[in-house]
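Contents: one structure, followed by commentary.
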Amino acid sequence: MPSTRKTLQRGVPLLAITVTAALAFSGCASDSSAVPGADPTASAAADSLSSVYDNAVVADAAALLPDSTMAAIKARGKLVVAEALDAPLLSQQNPSSPDDVEGFDADLAKLLAIYILGEPNVEIIPPASETREALLQNGTVDVVFNTYTITTQRDEQVDFAGPYLQSGLAVAVKSDNSDIQGIDDLAGKKVIVGANTPAVTAVPEKQPSAELVSFATDPEAVQALTQGRGDAYVQDFTLLASDAASNSAIKVVGQPFTTESYGIGLKNGDTAFKTFINDWLTKIEANGDWAKVWDATLGSAVESSTPTPPAIGSVPGS
């Protein structure tokens, strides 16, 4: 059975959840257009992803180089991942089965575990935005799947495999707000941002007169927005879409005003592990598994076709 335990990371209480072959999925499946309101069933999504897991690619034994991170993970019998538990469609605990974590990031992490171990054994340690680098540097986690935007500044502290997903900063407001339609309307406004996220610098670049209010986690930021403690919340588009899908009190307005590429965070200098994960990404993108995971998770809440994955190594810092 999956187990839970409390752990401490530099004084911050963190919940670690071990997910052993937890393959329950929520939400609706989608066709290639991924339009909300279509009539596919949740069971179709579960069946689709079950097939992905049943036929997931597994690394050749020769790829698990002696004395490498992947060999150590294989010997340990589980992949330790920094990953949210509260991000709908990305990585969220199943309300009916809290030991199951579902979503695009969560499912890709399980596929990576299968690639290394032959089974989806994942231990999750939820990070705050500002603790991700520390969790990698001190070896608490093997990888970070956490809407982790690749930047050259972060690349000085950690390595990134990928990118594996592209998004961008967007604007969310309360559902009854008709005055703000995007970044152009945020001059002089109180703008909520996530601590240690690209919004901290991107918003002042676009709107120097905006007043920033920072929160450590996405749920705290969403709560602040719904309570009127800010006029708008600027965060990654995919995360805001997930928030809006689960909270009718907010909506996403306008289009993303930046381009951001997500990477899989790794310990700095672990070149062999980075190459290993990039090889895995290439394989799951080529065989269609990446697209199937998208369609069953993020694709179920956006009005667009399945995107093409970004080219690996295409972003400075990757």
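Quick caveat: nothing in here was measured; it's all calculated off a predicted structure.
Placement of Phe257 and Leu239 in two distinct hydrophobic clusters is found when ILVMFWY residues are connected by side-chain heavy-atom separations under 4.5 Å, directly or transitively. No chain of hydrophobic side-chain contacts below 4.5 Å, direct or via other Ile, Leu, Val, Met, Phe, Trp or Tyr residues, connects Val193 to Leu225. With hydrophobic clusters built from ILVMFWY side chains whose heavy atoms lie under 4.5 angstrom apart, Ile284 shares a cluster with Val293. At a threshold of 4.5 Å between side-chain heavy atoms, the hydrophobic network of Ile, Leu, Val, Met, Phe, Trp and Tyr places Val213 and Ile183 in two separate groups. Both Leu108 and Leu90 sit in one connected hydrophobic cluster of ILVMFWY residues. Membership requires side-chain heavy atoms under 4.5 Å apart, directly or through other members.
Counting only N and O atoms by type, the side chains of Asp105 and Ser91 include no donor and acceptor under 3.5 Å apart. Residues Glu260 and Ser167 bring no donor and acceptor atom of their side chains to less than 3.5 Å of each other. When only modelled atom types and interatomic distance are considered, Ser97 and Asp100 share a side-chain donor-acceptor pair under 3.5 Å. In this structure, a donor-acceptor pair under 3.5 Å is present between the side chains of Glu133 and Tyr148.
Rounding to the nearest 0.5 Å places OG1 of Thr217 at 6.5 Å from CG of Asp86. Put simply, CG on Asp107 and CD on Glu102 are 7.5 Å apart, with the number rounded to the nearest 0.5 Å. Within the model, atoms CG of Asn121 and CD1 of Ile114 stand 9.0 Å from one another, a figure rounded to the nearest 0.5 Å. Rounding to the nearest 0.5 Å places CG of Leu111 at 11.5 Å from CG of Leu79. Note that CD of Gln137 is 11.0 Å distant from OG1 of Thr131, once rounded to the nearest 0.5 Å. For the atom pair Thr271 OG1 and Phe273 CZ, the distance stands at 12.5 Å (nearest 0.5 Å).
Residues Ile116 and Phe276 form a side-chain contact, since some pair of their non-hydrogen atoms from C-beta on lies under 4.5 Å apart. Residues Val191 and Asp231 have side chains not in contact (no heavy-atom distance under 4.5 Å, counting atoms from C-beta outward). Considering only heavy atoms from C-beta on, Lys274 stays 4.5 Å or farther from Phe160 through its side chain. The closest side-chain heavy-atom distance from Pro256 to Phe237 is below 4.5 Å. With a 4.5 Å cut-off on side-chain heavy atoms, Val101 and Asn94 do not count as touching. In this structure, Ile250 and Asp243 have side chains that are in contact, with non-hydrogen atoms separated by less than 4.5 Å. Side-chain contact between Asn146 and Pro127 is present, with at least one heavy-atom pair separated by less than 4.5 Å. Proximity of Thr147 to Asp218: side-chain heavy atoms (C-beta onward) are nowhere separated by under 4.5 Å.
Remark: side-chain polar atoms of Ser246 are paired, donor with acceptor, to backbone N or O of Ser242 under 3.5 angstrom. A donor-acceptor contact shorter than 3.5 Å is absent between the side chain of Ser68 and the backbone of Leu64. The backbone N or O of Gly269 lies less than 3.5 Å from a partner atom in the side chain of Asp159, making a donor-acceptor pair. For Asp60 (side chain) and Ala63 (main-chain N/O), no donor-acceptor pair under 3.5 Å exists by modelled atom type. Remark: side-chain polar atoms of Arg132 are not paired, donor with acceptor, to backbone N or O of Val144 under 3.5 angstrom. Side-chain atoms of Thr297 do not come within 3.5 Å of backbone N or O of Gly103 as any donor-acceptor pair. Checked by atom type and distance alone, the side chain of Ser129 never pairs as donor or acceptor with a backbone atom of Asn196 at under 3.5 Å. A distance-only check finds no donor-acceptor pair linking the side chain of Gln92 to the backbone of Leu89 [under 3.5 Å]. When atom types are taken as modelled, the side chain of Ser261 and the backbone of Val315 share no donor-acceptor pair closer than 3.5 angstrom. At least one donor-acceptor pair under 3.5 Å links the side chain of Thr151 to the backbone N or O of Arg154.
Pairing each heavy atom of Asp179 with each of Asn177, the nearest pair is N-OD1, 2.8 Å. Closest of all the heavy-atom pairs between Phe215 and Ala221 is CB-N, 4.0 Å. Among all heavy-atom pairs drawn from Ala272 and Met70, the shortest one is O-CE, 3.8 Å. Between Leu240 and Ala170, the shortest heavy-atom contact is CD1-O, 3.4 Å. Between Leu212 and Pro204, the shortest heavy-atom contact is CD1-CG, 3.8 Å. What you find for Leu85 and Pro126 is that their closest heavy atoms are CD1-CG, 3.4 Å.
Within 6.0 Å of CG on Asp176 lie more than 12 heavy atoms contributed by other residues, nucleotides or ligands. Heavy-atom contacts from other residues, nucleotides or ligands closer than 6.0 Å to NZ of Lys190 number 12 or fewer. The local environment of NZ in Lys251 is crowded, with over 12 non-hydrogen atoms from other residues, nucleotides or ligands closer than 6.0 Å.
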(request) Output, in order, the C-alpha distance, side-chain angles, deciding distance and verdict of side chain to side chain contact (heavy atoms under 4.5 Å, CB included) for Ile73 and Leu117. (result) CA-CA 8 Å; Ile73 294 168; Leu117 303 166; 4.2 Å; yes

(message) Checking Glu123 against Val81 for the side chain to side chain contact (heavy atoms under 4.5 Å, CB included) test, could you report, in this order, the C-alpha distance in whole Å, the side-chain angles of both residues, the deciding distance, and whether it holds?
(response) CA-CA 6 Å; Glu123 179 179 333; Val81 180; over 6 Å; no

(request) Apply the test side chain to side chain contact (heavy atoms under 4.5 Å, CB included) to residues Thr282 and Ile312: give CA-CA distance (whole Å), side-chain angles for both, the deciding distance (0.1 Å), then the verdict. (result) CA-CA 8 Å; Thr282 299; Ile312 292 170; 3.4 Å; yes

(message) Is there a side chain to side chain contact (heavy atoms under 4.5 Å, CB included) between Ile192 and Val234? Walk through the geometry before answering.
(response) CA-CA 6 Å; Ile192 297 164; Val234 173; over 6 Å; no

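Ring pair Trp290/Phe104 is perpendicular by interplanar angle, where above 60° counts as perpendicular and below 30° as parallel.
A salt bridge links Asp142 with Arg76; the closest basic N to acidic carboxylate O contact falls under 4.0 Å.
Side-chain rings of Phe145 and Tyr164 approach one another, their centers coming within less than 6.0 Å.
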